Amino acid sequence: MTSTVTDPVRVRFAPSPTGYLHIGSARTVLFNWLLARKHGGTFILRIEDTDQARHVEDSVQKILDDLRWLGLTWDEGPQVGGDYGPYFQSKRLEIYNRYLQKLLESGHAYYALEMPQQLTALRDAAKAAKQSYKYVRPDPPPTIAEGEAARAAGRPVVVRFKMPAVDITVVDDILGPVTLPADQSEDFVIQKGDGYPTYHFACVVDDELMKITHVLRGQEHLINTTKHVALQRALGFATPHYAHLSVIFNMDGTKMSKRDKEKAAKEGRRPPEIDVHDFRVAGYLPETLVNYIALLGWSPGDDREFFNLDELTGVFGLDRVGKTNARFDREKLLSFNTTWATRLSPDRLLEAFKDFIRVSESPMRGTDDDLLREILRTCAGFRTFRQVEEKVRFLFLADNAIEYDPKAVQKVLAKNNGEGYTALSETLPRLRDLSAWTADAVEKLIHDVCEKKAVQMGAIAQPLRVAITGTTISPSIHDTLALLGRKRTLARVEKCLKGSQSLPHV
RNA sequence: GCCCCCAUCGUCUAGAGGCCUAGGACACCGGCUUUUCACGCCGGCGACAGGGGUUCGAAUCCCCUUGGGGGUACCA
């Protein structure tokens with residue numbers, strides 16, 4: 001089915017505040033946002049905080065911050081308001097109760113008195129016997145009066161919706177028609193024992209009241225759609241367009257879960273990035289993330305693959321969203337980031353770099369813009385900001401705090417009877433005498449030394465690099481020296497040379 | 001157990017019956033460049049899950065099998 005969009009498009013992203021923004025959710029937001037922008041519609045953010053037990057305190061703040069970082073701003077929702085608020089479900093309890101009463105009175109819903117443990121036991125038994133389980137509606141169900149009395153007596157009473165015994169077909173904008181047999185759905189809970197609505201109920205009421213036209217969500221909700229449509233019919237609500245997105249997995253086919261991080265930490269590995277915030281702290285650009293996740297399940301139909309948000313808005317469409325589950329390829333992401341870093345203007349790159357420095361609490365904090373620009377320039381071709389940081393880490397260490405990598409020292413300085421040290425000591429006076437300490441002058445000097453000694457660049461550059469950084473990795477040798485400055489360079493080389501005298505193999 | 005969804009290179013995908021001896025990107029493998037790490041350039045390897053149909057003709061349509069995924073909560 002192709003749906004012609006006539007009403008103004010209103011879409012929403014409805015996270016529950018239980019942590020950071022997951023990379024999979026980020027794709028869902030992106031597609032919603034793009035759909036809204038594409039049609040000049042409205043993108044709404046709604047916080048589904050109906051689960052008191054799992055609520056995480058600063059979660060909302062974190063999610064909002066990472067959404068903004070991605071550039072996915074919302075037209076209605078927390079912090080910006082709107083005509084259809086409040087946008088926190090916990091603030092809409094009266095609204096849900098009103099519709100709940102209607103359902104109760106019209107006989108579409110009823111109070112249910114079973115204890116949770118009782119139900120769990122039945123489910124477990126069915127599972128153990130490899131049988132399917134379904135809640136059986138009491139016959140007759142408790143009356144409203146009985147339900148209210150039980151609740152007044154302090155019993156954990158819930159309200160269940162009478163699921164009609166008809167097959168329900170929804171025409172998904174991505175998947176096409178999907179029919180769910182009636183006998184698969186039970187009378188599900190719409191109000192919990194604590195008085196909060198369940199997701200299904202709150203979601204349906206809010207989507208109606210907030211005039212949502214398109215529901216774009218994860219595939220885990222596909223089957224819920226039956227419940228939602230049934231609820232809409234009972235309530236006399238319109239049914240919005242539905243579109244369900246495929247799932248994103250790790251390369252090994254497992255789910256991308258925060259558990260991966262815990263597991264890695266326990267095993268002493270660096271935790272993989274799972275939430276948007278993880279990628280941000282790891283030194284990825286928002287442009288990269290947006291571009292990469294856009295291509296997970298959507299394609300422009302041709303060979304182009306680099307798009308910013310504006311460009312995506314221009315070409316995005318639900319008709320080009322695929323049905324297949326995707327795997328998250330970190331190698332490709334890295335490659336995208338490398339490309340994006342070269343595509344951005346120096347100003348934009350600097351801005352992004354500073355965000356990285358801030359959120360990652362980098363030792364580069366407090367560095368002035370000119371130096372940061374210079375660092376970015378000398379590290380051109382980098383894959384992530386984190387890599388830049390590692391490459392220029394030597395700049396932010398005290399001269400006497402350089403840690404020498406034993407392997408680098410052996411390979412570059414000590415090997416062959418300390419020929420690296422020899423090269424160093426021969427170069428040192430030339431550096432002392434260098435009139436102007438610029439990258440160009442340094443480069444010229446090193447070339448000159450190489451020529452005089454009839455050796456390759458590496459024979460001079462590498463010993464210098466190890467002497468002043470402690471490692472074999474840094475920007476070009478002339479940039480490395482220029483960045484460090486004459487005084488600190490000389491100090492480090494001298495200290496390195498002095499240290500060599502106590503080494504047995506020299 | 002039951003229900004639903006999905007199926008092209010290792011990965012993301014293009015492909016909407018003949019344009020396909022299946023295209024691109026990442027990865028991988030060679031080579032070039034090179035002061036380290038990256039970057040860059042050139043070349044190569046590499047897929048229509050299997051089986052039945054439909055059709056003059058199928059990666060494209062239908063069925064079955066297999067495989068993968070989702071759901072089956074007083075979570076969302």
Side-chain angles (χ1 to χ4, degrees), chain A residues 14-16 18 48-51 53-54 112 114-116 119-120 123 126-135 156-160 172 175-176 178-181 183-186 188-194 196 198-200 202-203 217-226 244 246-247 249 251 253 255 292 295-306 322-336 338 341-342 379-383 387-388 390-391 408 412 443 446-447 450 456-466 469 471-478 480:
Chain A
S16 70
T18 54
E48 308 214 322
D49 52 351
T50 54
D51 185 347
R54 293 201 311 156
E114 295 85 359
M115 301 297 279
L119 263 18
T120 310
R123 256 194 304 273
K127 194 168 187 179
K130 293 199 182 267
Q131 302 277 302
S132 55
Y133 168 79
K134 193 175 147 187
Y135 176 83
V157 175
V158 301
V159 175
R160 283 181 186 267
D172 189 287
L175 299 171
V178 179
T179 301
L180 284 313
D183 62 5
Q184 283 301 306
S185 298
E186 60 177 22
F188 58 96
V189 172
I190 56 178
Q191 187 189 46
K192 302 186 254 186
D194 63 3
Y196 277 75
T198 58
Y199 160 73
H200 305 298
C203 168
R217 65 207 336 185
Q219 208 193 59
E220 67 271 19
H221 290 300
L222 177 60
I223 291 177
N224 292 336
T225 311
T226 326
H244 291 89
S246 60
V247 186
F249 296 99
M251 281 302 277
K255 272 193 212 179
Y292 182 73
L295 259 21
L296 245 33
W298 171 87
S299 97
D302 54 37
D303 290 342
R304 288 175 301 165
E305 56 176 4
F306 287 100
K323 309 173 182 180
T324 332
N325 290 161
R327 297 191 181 202
F328 195 88
D329 188 345
R330 292 165 192 279
E331 291 294 342
K332 186 152 182 171
L333 181 76
L334 225 29
S335 166
F336 266 52
T338 309
T342 65
C379 291
F382 65 86
R383 290 163 85 73
Q387 199 180 65
V388 173
E390 284 163 4
K391 212 164 173 178
V412 175
E443 183 171 27
I446 295 175
H447 271 115
C450 289
Q456 297 283 310
M457 276 288 282
I460 303 299
Q462 284 301 76
L464 272 173
R465 196 184 319 269
V466 174
T469 71
T471 76
T472 55
I473 298 172
S474 84
S476 298
I477 196 63
H478 50 278
T480 300

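Here is how names work: the chains are called A, B, and so on, in the same order as the sequence lines, proteins then strands, and each is numbered from 1. Treat the numbers as computed from the prediction; the structure is a model and nothing was measured.
- Considering only residues two or more places apart in sequence or on other chains, Phe328(A) meets the ring-ring contact (aromatic ring centres under 6.0 Å, His included) condition with Phe279(A), Tyr292(A).
- Taking atom NZ of Lys323(A) as the reference point, atom C1' of U8(B) lies 15 Å away to the nearest angstrom.
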Across nucleotides 12-26 of chain B, 5' to 3', mark each nucleotide with B, S or - according to how protein heavy atoms within less than 4.0 Å reach it. BSSS-------BSBB
Treating primed atoms plus P, OP1 and OP2 as sugar-phosphate and everything else as base, which nucleotides of nucleotides 32-46 of chain B get B, S or - for protein heavy atoms under 4.0 Å? ---BBBBS-------
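- Annotation: side chain of Thr225(A) is in contact with side chain of Arg217(A) (closest heavy-atom distance under 4.5 Å).
- Here the separation of A59(B) from C9(B), taken at their P atoms, is 15 Å to the nearest Å.
- Taking atom P in both C39(B) and C28(B), the straight-line distance is 10 Å, to the nearest Å.
- Side-chain atoms of Asn325(A) do not come within 3.5 Å of backbone N or O of Phe249(A) as any donor-acceptor pair.
- Nucleotides G17(B) and C12(B), compared at atom C1', are 26 Å apart to the nearest Å.
- Using a 4.0 Å heavy-atom criterion, one finds that Thr179(A) contacts the sugar-phosphate atoms exclusively.
- If you check U72(B) for Watson-Crick or wobble pairing at under 3.5 angstrom, you find it paired to G1(B).
- Side-chain contact between Leu295(A) and Glu305(A): present, with at least one pair of heavy atoms (C-beta onward) separated by less than 4.5 Å.
- Positionally, the nearest nucleotide of RNA chain B for Asp183(A) lies more toward the 5' end than for the other of Phe249(A) and Asp183(A).
- A 3.5 Å limit on both hydrogen-bonding distances identifies no Watson-Crick or G-U partner for C20(B).
- Spacing between A58(B) and G46(B) at atom P, rounded to whole Å, works out to 24 Å.
- If you check A49(B) for Watson-Crick or wobble pairing at under 3.5 angstrom, you find it paired to U65(B).
- Nucleotide C37(B) forms a pair with no other nucleotide shown, judged by Watson-Crick or G-U wobble geometry with both contacts under 3.5 Å.
- Of the nucleotides present, C42(B) is the one that pairs with G30(B) by Watson-Crick or G-U wobble criteria, both distances under 3.5 Å.
- Put simply, the side chain of Asp51(A) does not reach to within 4.5 Å of the side chain of Thr18(A), judged on heavy atoms.
- One C1' atom belongs to U54(B), the other to C19(B), and the distance between them is 23 Å to the nearest Å.
- Going from the P atom of A14(B) to that of G24(B) covers 15 Å, rounded to whole Å.
- Within the 4.5 Å cutoff, the side chain of Leu119(A) has heavy atoms near those of the Tyr133(A) side chain.
- Applying the side chain to side chain contact (heavy atoms under 4.5 Å, CB included) rule to Val412(A) yields the partners Gln462(A), Pro463(A), Val466(A), Thr472(A); only residues at least two apart in sequence or on another chain are considered.
- With sequence neighbours left out, Tyr135(A) forms a ring-ring contact (aromatic ring centres under 6.0 Å, His included) with no residue at all.
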Tabulate protein N/O versus nucleotide N/O from nucleotides 71-76 of chain B, keeping only pairs under 3.5 Å, one per line.
residue, atom, partner, partner atom, Å
C74(B), OP1, Arg123(A), NH2, 3.4
C74(B), OP2, Arg160(A), NH2, 3.4
C74(B), O2, Gly193(A), N, 2.6
C74(B), N4, Glu114(A), O, 3.3
C75(B), OP2, Lys192(A), NZ, 3.1
C75(B), O2', Asp51(A), OD2, 2.9
C75(B), O2', Arg54(A), NE, 3.3
C75(B), O2', Arg54(A), NH2, 2.9
A76(B), OP1, Thr50(A), OG1, 2.6
A76(B), OP1, Lys192(A), NZ, 2.8
A76(B), OP2, Tyr199(A), N, 3.1
A76(B), O3', Glu48(A), OE1, 3.0
A76(B), N6, Asn224(A), ND2, 3.1

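- Base pairing annotation: A58(B) forms no Watson-Crick or G-U wobble pair, as no partner gives both donor-acceptor distances under 3.5 Å.
- Taking 4.0 Å as the cut-off between side-chain N and carboxylate O, Asp302(A) and Arg304(A) count as a salt-bridged pair.
- Using C1' as the reference atom, G67(B) and C42(B) are 39 Å apart when rounded to the nearest Å.
- For the residue pair Thr480(A) / Ser474(A), a side-chain donor-acceptor distance below 3.5 Å is found, with atom types taken as modelled.
- Side chain of Thr469(A) to main chain of Thr471(A): a donor-acceptor pair is present (N/O by atom type, distance under 3.5 Å, no hydrogens or angles).
- In this structure, the side chains of His200(A) and Ile190(A) stay at 4.5 Å or more apart for every pair of heavy atoms.
- Rounded to whole Å, the separation between the P atoms of U8(B) and G15(B) comes to 13 Å.
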